[in-house]
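Worksheet for the structure shown next.
All of these numbers come straight from a predicted model, not from anything done at the bench. Labels below follow one simple rule: chain letters A, B, ... track the order of the sequence lines, proteins then strands, and each chain is numbered from 1.
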There are 2 protein chains.
Amino acid sequence: MPPQGKRADMVTISDVARHAGVAVSTVSYVLSGKRAISATTRQRVLASIGELGYHPHAGARALASRRANVIAMVLPLRTGMHLPVLMQLVTAVVTTARQADHDVLLMTADEGPAGLRRIAASAMVDGVLVMDVEMSDARVPVLRELGRPSVLIGFPADPTGLTCVDLDFHLAGARCAEHLAQLGHTRIALLGAPPVVYQRDTGFAHRTRAGFLDAARRLRVAATARPCGESPDDARAAVKQLLDDDPGVTGVVVHNEAALAHIAAALPDAVSVVAICPDQVAVSAWPPLTAAVLIPAEELGRQAVSLLMRKLDGQPVPESTLLGPKAWFGAGASVDGRVTGS
Amino acid sequence: MPPQGKRADMVTISDVARHAGVAVSTVSYVLSGKRAISATTRQRVLASIGELGYHPHAGARALASRRANVIAMVLPLRTGMHLPVLMQLVTAVVTTARQADHDVLLMTADEGPAGLRRIAASAMVDGVLVMDVEMSDARVPVLRELGRPSVLIGFPADPTGLTCVDLDFHLAGARCAEHLAQLGHTRIALLGAPPVVYQRDTGFAHRTRAGFLDAARRLRVAATARPCGESPDDARAAVKQLLDDDPGVTGVVVHNEAALAHIAAALPDAVSVVAICPDQVAVSAWPPLTAAVLIPAEELGRQAVSLLMRKLDGQPVPESTLLGPKAWFGAGASVDGRVTGS
DNA sequence: GCCCCTCGTCGAAGCGCTTCGATAAGACTG
DNA sequence: CAGTCTTATCGAAGCGCTTCGACGAGGGGC
């Protein structure tokens, strides 16, 4: 008897070939479209495939074609990201990958560099998507060394030679200042991330602040920016200090999801509040926001995957892609601020 | 010239064999441990592996061994779960799977049954882990039909023939009643999930209520249970009605994360509040909780994976596994209520 | 000292798929 | 109508790994 008699439930390409009365290679070409196949033959083969419920064996395919049709998605250990946003991102990634006929392998960063090396060397994935990258991210040097196609969501300190996607925080900060200026405010302030985030060099915090201050200067409105802790007490303290320093402030930008509610509660009712935050946080904020700049999580995911797919196909892609922030106004209207390239 | 000259970066098993001066099969046996290999040979082979940086080609291995060493993790479309809990769960799953030398393929439920079938038929994964299962979950019949090893986190209406893991909500409800009784309360109440959840037949809500009421009866304390909406208004309304109906209530159990804060705020200070909720919600609740019964997310993930691994090894596993709730007391001490089998 | 084991190793046969010639059978030339 | 192209299909050679059977070399038992 043969080694282990083929498992009952496995339909192979040669079953299909026999059933359709053609050669194995013909079936393969029907599936891949890499050679011309006559319409009649194609029909017959496709019919057999449907009838037998054939699905190609992923391993065999990967072995022969040197393409696994799987990408890895690396989650950070401790995410700096708001979880609902992360989930949206993940969902968008998986969905988009599937549309490009790829599956997604999930890795947490805690396997470290060795994990990335293993995944790459075992030819298990064709490319890597790294989520929530920070300025000095330990995963970045490994990616460089690996030399596999990869795309980062977020920017490390030095993105040279990599492919990165992120919200354009500079633009987001500017939009907030512009919005407040348009409403007639002349003294505005930014309450940002906790001090530790600025110290940790987490790019986005700095970029937001710079965008905010630059725009304010350009628009000739008085603006200050300060960090803000995440706890209710920190939030209250930051607000108090802000009002002490400049009692004339009438518009505040909050770039700190965790503290948003407490900040908004501590501010006088007359002050307009604009936040940079995820959709869900914005709509459910109380007291209600004047406006918000939303994080385009889905688009981030989609863009990241399509960039990776292009890299897998050997096409050139821009090193950095910045997505325009979406604006949201208290009423509920939603306006797009479209993509900027690079 | 050969078809496509081997890619420079790929080290194969025969490279290792040559380098170590043994046969390919010997290397394989060193790696798998399926046949005895002399210590000296093993050393030599392992040394070569390290030196060359060899990692077996996942596809080739899957093809030859009929084992992909990958499991699929299916996320629900719209999760009934608290996101931080989901993340803990996911992390635990990935980590545990890696310890058992498996990787995790991420699927969202939106590919539907076809996705599961594809994944199974393509031999891409050896087993399936389904998260956050609900009473009448569309994914359950597919799993039955598929006949691949699978483990569910959460219980469907009819778990016959499946393998399910979940928190023991009945016990959790009982623990809450017991705790309040021990503190001397004689009139207690449960505020549960929104009415719609009870109607949707989502198992856990009913089980908690039953556990709570049973224990109260056993302990001879007066107890009532009622659903509670998630909005601040619903929460306030539920509390008002509760106090109207039974002004003598001194202890309340809350099994509703979303409404917890509003319920606690609306209750008189003198009332003790116990919650069934994730760790993070418990410690950050304000006003502070008297105690909490925590959802053992990590253990849930670990158990689910190890059950799946046992199934993959052909070992028998119990149909249902209920994990004992962890108790947490206001002070910060944390006590384990260990696993119950089945 | 002969036979039978066990132990450690090797060679070869696939696993299911892709891909590269090769090859008939027409479709055009001139 | 001989010669040259296409076009559609086939056969076979791997892809890198696991696993089965074979086999030589020692180690008892009697």
Side-chain angles (χ1 to χ4, degrees), chain A residues 1-45 49 52-69 101 121-124 126, chain B residues 1-45 49 52-69 101 121-124 126:
Chain A
M1 105 184 160
Q4 46 192 21
K6 63 169 49 178
R7 253 162 55 178
D9 60 348
M10 179 100 223
V11 180
T12 75
I13 198 176
S14 59
D15 294 335
V16 175
R18 200 173 318 120
H19 186 275
V22 299
V24 164
S25 49
T26 303
V27 177
S28 178
Y29 287 125
V30 165
L31 251 25
S32 69
K34 293 195 178 171
R35 280 200 185 174
I37 296 290
S38 69
T40 58
T41 307
R42 184 192 343 286
Q43 298 305 330
R44 203 142 36 88
V45 169
I49 286 176
L52 300 179
Y54 167 72
H55 287 268
H57 186 291
R61 194 199 274 258
L63 180 55
S65 69
R66 299 167 161 290
R67 283 282 244 119
N69 274 41
D101 192 30
S122 68
M124 194 167 239
D126 306 318
Chain B
M1 107 186 158
Q4 45 192 21
K6 63 172 45 177
R7 251 160 57 177
D9 58 348
M10 179 102 225
V11 180
T12 74
I13 198 176
S14 58
D15 294 335
V16 175
R18 200 173 318 120
H19 186 274
V22 298
V24 164
S25 50
T26 302
V27 177
S28 178
Y29 287 124
V30 166
L31 251 24
S32 70
K34 294 196 176 169
R35 281 200 186 175
I37 296 291
S38 70
T40 57
T41 307
R42 186 196 336 290
Q43 298 306 331
R44 203 142 36 88
V45 169
I49 287 176
L52 301 179
Y54 167 71
H55 289 268
H57 185 293
R61 191 197 275 253
L63 180 56
S65 68
R66 298 170 160 290
R67 283 283 243 122
N69 274 39
D101 192 30
S122 68
M124 194 166 240
D126 306 318

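- Counting any heavy atom pair closer than 4.0 Å across all strands shown, A:Val22 reaches sugar-phosphate atoms only and no base atom.
- For A:Tyr29 against C:dC17, a side-chain-to-base donor-acceptor contact under 3.5 Å is absent.
- A:Thr41 is listed as a side-chain neighbour of A:Arg44, based on a closest heavy-atom distance under 4.5 Å.
- Candidate nucleotides D:dC20, C:dT19, D:dT18 were compared by shortest atom distance to the side chain of B:Ser28, and D:dT18 ranks first.
- Note: CZ (B:Arg66) to C1' (D:dT19) measures 12 Å, nearest angstrom.
- A:Ala68 and A:Ala62 make their closest contact through CA-CB, 3.9 Å (heavy atoms, listed as atom of the first residue, atom of the second, distance).
- Here A:Ser25 does not reach the OP1 or OP2 of D:dC10: none of its side-chain N or O atoms lies under 4.0 Å away.
- Nearest heavy atoms, B:Val27 versus B:Ala17: CG2-CA, 3.7 Å.
- Taking both residues in full, the closest heavy atoms of A:Ile13 and A:Ser28 are given as CD1-N, 3.9 Å, listed atom of the first, atom of the second, then distance.
- Between the P atom of C:dG11 and the CZ atom of B:Arg18 lies a distance of 13 Å, rounded to the nearest Å.
- Between A:Lys34 and C:dT19, a side-chain N or O to OP1/OP2 separation shorter than 4.0 Å is present.
- Residues that satisfy the salt bridge (Lys or Arg N to Asp or Glu O under 4.0 Å) test with B:Arg35, not counting sequence neighbours, are absent from this structure.
- The distance from atom CD1 of A:Ile13 to atom C1' of D:dG11 is 14 Å, rounded to the nearest whole Å.
- Taking atom CZ of B:Arg61 as the reference point, atom P of D:dT19 lies 10 Å away to the nearest angstrom.
- In this structure, the CG atom of B:Leu52 is 15 Å from the C1' atom of D:dG16, given to the nearest Å.
- Of the candidate nucleotides D:dC10, D:dC17, C:dC17, C:dC17 has the atom lying nearest to any side-chain atom of A:Thr12.
- Listed by residue number, A:Ile37, A:Ser38, A:Thr41 are the residues of residues 37-45 of chain A with a heavy-atom contact under 4.0 Å to DNA chain D.
- Note on A:Thr26: a side-chain N or O is less than 4.0 Å away from OP1 or OP2 of D:dC10.
- Annotation: side chain of A:Val45 is not in contact with side chain of A:Arg42 (no heavy-atom distance under 4.5 Å).
- Counting all heavy atoms, side chain and backbone alike, A:Ser122 lies closest to B:Pro56 at CB-O, 3.2 Å.
- The nearest whole Å value for the distance from the CZ atom in A:Arg67 to the C1' atom in C:dT19 is 16 Å.
- The side chain of B:Arg35 lies closest to D:dA22, out of D:dG11, D:dA22, D:dG16.
- What separates NE2 of B:His57 from C1' of D:dC17 is a distance of 10 Å, to the nearest Å.
- The shortest heavy-atom contact between A:Met10 and B:Ala121 is CE-O, 3.8 Å.
- With rounding to whole Å, A:Asn69 atom CG is found 14 Å from C:dC17 atom P.
- Defining each end axis of the helix from C:dG1-D:dC30 to C:dG30-D:dC1 as the rotation carrying four pairs' C1' atoms onto the next four, with five pairs an end, the two axes are found to diverge by 40° to 10 degrees.
- Here the closest non-hydrogen pair linking B:Ser65 and B:Arg61 is OG-O, 2.6 Å.
- Side-chain atoms of B:Tyr54 and B:Leu31, non-hydrogen and from C-beta on, do get closer than 4.5 Å to each other.
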